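Reviewing the structure listed below.
Because the structure is predicted, anything quoted here is derived from the model rather than measured. These values consider heavy atoms only, across backbone and side chains, with no hydrogens, waters or symmetry-generated copies. Lettering of chains follows the sequences in order, A, B, ..., and the numbering in each one begins at 1.
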Protein chains: 4
Amino acid sequence: MSATSTPPTTEPPEPPAPRARSGNRRDEAARLAVLHAADDLLAEQGFAALTVEAIARRAGVAKQTIYRWWPSKVEILLDTLIEDSAKTLPVPADRPTAAAVRGYLHDFARFLDRDPAGKVLLTLLAQAQHDPGTAASLHRRHLGPRRAQERAWLAAAADAGELAPALDLDAVLDALTGPLVYAAMTGAPARPELVDTLVDRLLAPRG
Amino acid sequence: MSATSTPPTTEPPEPPAPRARSGNRRDEAARLAVLHAADDLLAEQGFAALTVEAIARRAGVAKQTIYRWWPSKVEILLDTLIEDSAKTLPVPADRPTAAAVRGYLHDFARFLDRDPAGKVLLTLLAQAQHDPGTAASLHRRHLGPRRAQERAWLAAAADAGELAPALDLDAVLDALTGPLVYAAMTGAPARPELVDTLVDRLLAPRG
Amino acid sequence: MSATSTPPTTEPPEPPAPRARSGNRRDEAARLAVLHAADDLLAEQGFAALTVEAIARRAGVAKQTIYRWWPSKVEILLDTLIEDSAKTLPVPADRPTAAAVRGYLHDFARFLDRDPAGKVLLTLLAQAQHDPGTAASLHRRHLGPRRAQERAWLAAAADAGELAPALDLDAVLDALTGPLVYAAMTGAPARPELVDTLVDRLLAPRG
Amino acid sequence: MSATSTPPTTEPPEPPAPRARSGNRRDEAARLAVLHAADDLLAEQGFAALTVEAIARRAGVAKQTIYRWWPSKVEILLDTLIEDSAKTLPVPADRPTAAAVRGYLHDFARFLDRDPAGKVLLTLLAQAQHDPGTAASLHRRHLGPRRAQERAWLAAAADAGELAPALDLDAVLDALTGPLVYAAMTGAPARPELVDTLVDRLLAPRG
DNA sequence: GCGTAAGCGAGACGGTACGTCTGGTCTTCCT
DNA sequence: AGGAAGACCAGACGTACCGTCTCGCTTACGC
């Protein structure tokens with residue numbers, strides 16, 4: 001379960017217990033309740049059920065509370081994605097070895113296939129096709145920063161002679177992650193050998 | 001302009017000229033008007049503007065006419081995608097050479113970047129993330145048949161010794177098309193050298 | 001019960017039976033359901049409960065159907081008032097005698113005190129104090145036409161020598177009905193001798 | 001301008017200057033600011049704009065300050081009505097002559113037509129139709145005490161032989177004030193001859 | 001003179017209703 | 001028969017107020 005989701009032992013459709021009010025400070029419990037509710041609704045009922053009204057109902061929160069803090073439901077998902085992916089799938093910063101890169105890509109494949117936050121990423125990528133605002137937010141707040149970290153990490157590995165990227169790093173990262181994302185989007189199961197082959201052919205020093 | 005779209009000399013926002021009525025046979029003119037209208041609306045205004053009412057209005061057709069023949073607007077897009085991609089980007093069946101494969105992938109990259117039908121494909125892939133029904137239709141009517149043709153074509157090329165695929169053909173096709181789709185989805189410009197590198201590293205017989 | 005209300009044997013809080021759809025003509029059943037629901041809600045729960053959402057819920061009608069045909073809930077009440085008062089309290093047109101005038105005023109007092117439509121009139125008069133639009137509609141559609149009929153009727157009685165109005169007819173009508181309305185508004189019980197005295201002192205030819 | 005309103009030279013929409021804080025005693029300045037704001041809002045924008053939030057905003061006061069001291073906005077209006085009507089339209093207590101009664105009624109008609117506090121009375125009478133709580137407060141705090149004074153005053157005049165009421169005093173008072181209130185409620189202009197005729201026919205000793 | 005108590009402005013909170021919008025269904029009329 | 005027209009139910013949209021609550025501050029009182 002993703003980091004912002006309620007533990008699996010709790011009851012999705014129960015009346016949310018009344019939280020203590022916070023006065024004139026932002027209520028962290030309300031913020032978390034919204035993120036959890038959005039996460040859970042997406043996982044359980046799909047994107048079509050992810051309406052502001054449903055999130056508010058499930059979180060035990062007023063619609064106005066959501067509109068006060070988030071400009072759209074997409075930004076709610078983006079918040080959950082950022083918080084969850086930082087915990088579940090951090091970009092390594094310290095071990096620029098070939099094996100570490102391979103491991104990171106395996107983790108990424110598993111993230112897309114199994115982690116609810118992976119579904120959130122696919123959902124946001126999809127929504128970005130429909131809405132330029134989503135595309136901009138997704139790049140600015142998630143894809144851009146993450147890609148920058150990945151690029152720096154790969155560059156360090158290349159400098160260390162661990163890797164010999166076949167192309168510029170952005171193109172290589174597209175070539176490595178693109179197949180995983182595309183497979184996840186078309187419902188294909190995870191294929192570990194795909195990751196291994198990609199790393200071998202696109203990153204490994206030849207011969 | 002995609003094959004089902006009105007030629008550029010015609011007027012998108014004009015009052016649609018009254019078509020001759022067809023009596024008790026399905027009206028082919030109405031069918032085409034719907035496909036054109038959907039195509040044009042998606043290209044001009046984006047997915048959010050692609051409502052059944054807008055399509056009906058633009059096509060000069062009753063909503064009921066659309067609901068009678070298509071279960072959803074997704075199926076309309078699928079119809080245009082199938083008809084257009086068959087014309088614009090046919091899977092070659094005759095020349096199983098390495099160069100032909102490379103050319104096909106370059107064509108595919110250009111299709112995603114420039115052809116309105118490429119945008120339709122991205123839109124349907126996106127919608128498939130939101131709606132399992134779309135995912136099923138997209139596979140059954142487009143991705144599945146096309147992938148079968150591509151697989152057969154690559155198999156012929158491999159048999160002919162033109163290629164030495166690094167993995168099973170489905171995985172290789174994901175590895176080849178995935179980066180192109182992912183790049184198009186994240187707004188990256190077309191990179192011909194990406195295609196070349198992918199073909200070299202994943203398909204070329206190792207020298 | 002007022003004319004547009006459901007008979008007392010029917011069930012207020014039951015799920016409204018699905019009505020037959022009307023196609024592209026206005027649905028008279030929906031119109032009546034709205035009028036009944038508004039009438040009943042006002043009588044049972046008061047003006048505060050008379051929300052468009054509650055009317056729609058009770059009538060088994062979509063909110064849009066209400067907004068399509070009525071610019072505001074006030075116009076719904078005005079419709080019920082006009083239909084009901086035409087049946088319950090018609091302005092006599094035929095017997096311009098002093099006794100008939102006295103009887104009409106007694107009927108008016110009873111209408112205000114007991115008829116649900118009397119409550120509707122008081123409600124609309126009240127709402128007219130809050131909203132100029134209500135005031136205008138109330139005058140144009142109810143008070144104006146009704147006052148014109150009453151004036152003509154009194155004029156005929158005066159011509160016949162039955163009455164000797166103490167003032168111009170509009171002022172006399174204010175003097176006759178004003179006390180009844182004011183008493184009803186302040187919750188006073190009906191006082192028959194008030195009507196009799198008013199008629200004696202303001203209309204009767206001085207003996 | 002009514003007694004609780006800001007002088008006309010002040011600017012309604014400017015940022016209210018911060019008042020000195022009062023410590024743990026009730027802040028009279030805040031109390032007056034609320035009464036003024038309510039009065040002004042009602043006069044300028046009508047009842048619909050008279051929300052607690054708007055009063056608080058305009059008075060430069062926290063909502064909680066309003067809810068601490070008034071159970072509802074109706075009670076705010078009632079406070080202004082009581083204070084203003086005691087100044088603008090006191091019930092005479094000393095000169096129980098026929099002419100004084102006639103003068104009081106003329107004053108009352110002018111109060112309804114021109115004084116902002118007259119609008120407040122009409123507003124509260126209207127609101128009493130919608131809300132039993134308002135009706136009770138209006139009677140208990142304004143209509144009841146005032147009617148008692150008027151009754152006593154008329155009784156003194158009758159005892160003195162100045163008047164010969166046609167009915168019990170409450171009914172006579174309804175008959176005298178009802179037409180004036182009803183005319184004001186339906187937007188009729190003041191008619192001095194109406195007052196004179198009512199006094200003549202309902203109060204004057206029959207010559 | 002310092003703690004306690006209350007009033008204050010501010011503003012977040014869970015709610016309800018608003019009036020608008022679109023989707024998908026249904027019926028009637030017309031060609 | 002089939003297309004055009006449009007009314008219908010359903011329900012999400014984003015906004016405005018409701019009345020409650022807590023916060024951090026300020027002032028007055030009493031020990």
Which residue lies more 5' along DNA chain E, comparing Lys73(C) with Ala62(A) via nearest heavy atoms: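 Per heavy-atom nearest nucleotide, the more 5' residue is Ala62(A).
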
Could you say whether Ala48(C) or Asn24(D) is positioned toward the 5' end of DNA chain E, judged by the nucleotide with the nearest heavy atom to each?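 It is Asn24(D) whose nearest nucleotide is closer to the 5' end.
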
For Thr51(D) and for Thr51(A), locate the closest nucleotide of DNA chain F by heavy-atom distance; then report the residue assigned to the nucleotide nearer the 5' terminus.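 On the 5' side of the pair lies Thr51(A).
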
Between Arg25(D) and Trp69(C), which residue's closest nucleotide on DNA chain F lies nearer the 5′ terminus?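 The 5'-side residue here is Trp69(C).
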
Would one find a side-chain N or O of Thr65(D) under 4.0 angstrom from OP1 or OP2 of dG7(E)?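 Looking at the OP1 and OP2 atoms of dG7(E), neither is under 4.0 Å from any side-chain N or O of Thr65(D).
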
In whole angstrom, give the distance that lies between atom [atom1] of [X] and atom [atom2] of [N].
X: Arg31(D); N: dA6(E); atom1: CZ; atom2: P; value: 22 Å
X: Tyr67(A); N: dA12(F); atom1: OH; atom2: C1'; value: 8 Å
X: Arg57(B); N: dA5(F); atom1: CZ; atom2: C1'; value: 14 Å
X: Ile66(C); N: dG11(F); atom1: CD1; atom2: P; value: 15 Å
X: Ile55(A); N: dA12(F); atom1: CD1; atom2: C1'; value: 12 Å
X: Arg26(D); N: dA28(F); atom1: CZ; atom2: C1'; value: 17 Å
X: Leu50(C); N: dC18(E); atom1: CG; atom2: C1'; value: 14 Å
X: Trp70(B); N: dG23(E); atom1: CH2; atom2: P; value: 16 Å

Between [options], which nucleotide gets closest to the side-chain atoms of [X]?
X: Lys63(A); options: dC18(F), dA17(E), dT20(E); value: dA17(E)
X: Asp27(C); options: dC8(F), dA12(E), dC9(F); value: dC8(F)
X: Arg68(B); options: dG3(F), dC13(E), dT22(E); value: dG3(F)
X: Glu53(C); options: dG19(F), dC18(E), dT22(E); value: dC18(E)

Side chain Thr80(D), main chain Leu77(D), donor-acceptor under 3.5 Å: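 It does hold such a pair.
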
Would you say [X] and [Y] make side-chain contact, with heavy atoms under 4.5 Å?
X: Glu83(D); Y: Leu35(D); result: yes
X: Arg141(B); Y: Asp79(B); result: yes
X: Leu50(D); Y: Gln45(D); result: no

So, does the side chain of Gln64(C) form a donor-acceptor pair with the base of dC9(F) at under 3.5 Å?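 In this structure, the two groups form no donor-acceptor pair.
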
Is the NZ or CZ atom of Arg26(C) positioned over Trp69(C)'s six-membered ring, under 6.0 angstrom from the centre and within 45° of the axis?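 Yes; both conditions hold, so Arg26(C) lies above the ring face of Trp69(C).
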
